[in-house]
Amino acid sequence: MTRRTRRNHTPAFKAQVALAALKSDKTLAELAQQYDLHPNQITDWKRQLTERAVQVFGDTGSPTNSDPDLTKLHAKIGQLTLENDFLEHALTQAGLLSARR
């Protein structure tokens, strides 16, 4: 029994296969034979294409790329740094934290 090595398909190839499956001019078995793929793989790519088709035309309800607010993150980092420094100084003064780390 010969084992087939794992193949990585390009997004363009996946789109081509999924669009061919959506056209429905050939059966799933014919497409699988034509593209040398398992029918389940074609079905998965077809399902992914139909689920994500809304994103292509700009679904305004859910932002796809929302960058975090850097000013809030920098402020939080500064606050945590101050708290750590304060606690380190207080614990060192109380003798609960050794001078060497």
Side-chain angles (χ1 to χ4, degrees):
M1 178 169 162
T2 59
R3 289 184 53 142
R4 185 182 269 187
T5 59
R6 182 175 284 264
R7 297 180 294 173
N8 292 326
H9 300 289
T10 64
F13 177 76
K14 292 177 183 180
Q16 178 185 2
V17 172
L19 286 173
L22 280 175
K23 286 181 186 176
S24 299
D25 57 348
K26 293 185 179 179
T27 66
L28 196 58
E30 291 172 339
L31 289 173
Q33 185 177 16
Q34 177 184 348
Y35 291 108
D36 191 30
L37 293 169
H38 195 276
N40 290 347
Q41 185 66 65
I42 296 173
T43 304
D44 286 344
W45 290 347
K46 179 181 173 183
R47 179 187 46 79
Q48 290 174 9
L49 179 65
T50 55
E51 287 175 355
R52 297 179 185 159
V54 176
Q55 294 174 353
V56 173
F57 296 106
D59 180 22
T60 57
S62 61
T64 57
N65 188 10
S66 60
D67 295 329
D69 187 13
L70 290 181
T71 56
K72 287 183 181 179
L73 292 175
H74 286 142
K76 187 66 173 178
I77 290 170
Q79 176 189 356
L80 293 173
T81 303
L82 282 174
E83 290 174 2
N84 284 339
D85 290 343
F86 173 78
L87 289 173
E88 180 182 5
H89 180 69
L91 290 173
T92 303
Q93 292 292 325
L96 297 175
L97 185 67
S98 65
R100 60 185 178 107
R101 292 171 89 187

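Computed from a predicted structure; not experimentally measured.
Within a 6.0 Å radius of CZ in Arg52, other residues, nucleotides and ligands contribute 12 heavy atoms or fewer. By the neighbour-count criterion of 12 heavy atoms within 6.0 Å, atom NE2 of His9 is densely surrounded, having more than that number from other residues, nucleotides or ligands. Annotation: Gln33, atom CD; neighbour count of heavy atoms from other residues, nucleotides and ligands within 6.0 Å does not exceed 12.
If you take OG1 on Thr27 and CD on Gln34, they are separated by 10.5 Å, rounding to the nearest 0.5 Å. Distance check, rounded to the nearest 0.5 Å: CG of Leu22 to OG1 of Thr50 gives 6.5 Å. For the atom pair CG of Leu82 and CG of Leu87, the computed distance is 11.0 Å after rounding to the nearest 0.5 Å. With rounding to the nearest 0.5 Å, the separation of CD1 in Ile42 from NZ in Lys26 is 10.5 Å. Atom CG in Asp69 sits 14.0 Å away from atom NZ in Lys76 (nearest 0.5 Å).
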* side-chain contact (heavy atoms from CB on, under 4.5 Å) between Asp44 and Arg47, worked out -> CA-CA 5 Å; Asp44 286 344; Arg47 179 187 46 79; 4.0 Å; yes
* Test Leu37 against Lys14 for side-chain contact (heavy atoms from CB on, under 4.5 Å), laying out the working first. => CA-CA 11 Å; Leu37 293 169; Lys14 292 177 183 180; over 6 Å; no
* To do: Would you check, one step at a time, whether the test side-chain contact (heavy atoms from CB on, under 4.5 Å) holds for Asn84 with Glu88?
  => CA-CA 6 Å; Asn84 284 339; Glu88 180 182 5; over 6 Å; no
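Leu19 and Trp45 are assigned to two separate hydrophobic clusters, defined by single-linkage of ILVMFWY side chains at heavy-atom distances under 4.5 Å.
Minimum heavy-atom separation, Pro68 to Leu73: CB-CD1, 3.9 Å. When every heavy atom of Leu31 is checked against every heavy atom of Ala21, the shortest pair comes out as CD1-CA, 3.5 Å.
Among residue pairs with one or both ends in residues 21-44, those qualifying as ring-ring contact (aromatic ring centres under 6.0 Å, His included) are Phe13-Tyr35; sequence neighbours excluded.
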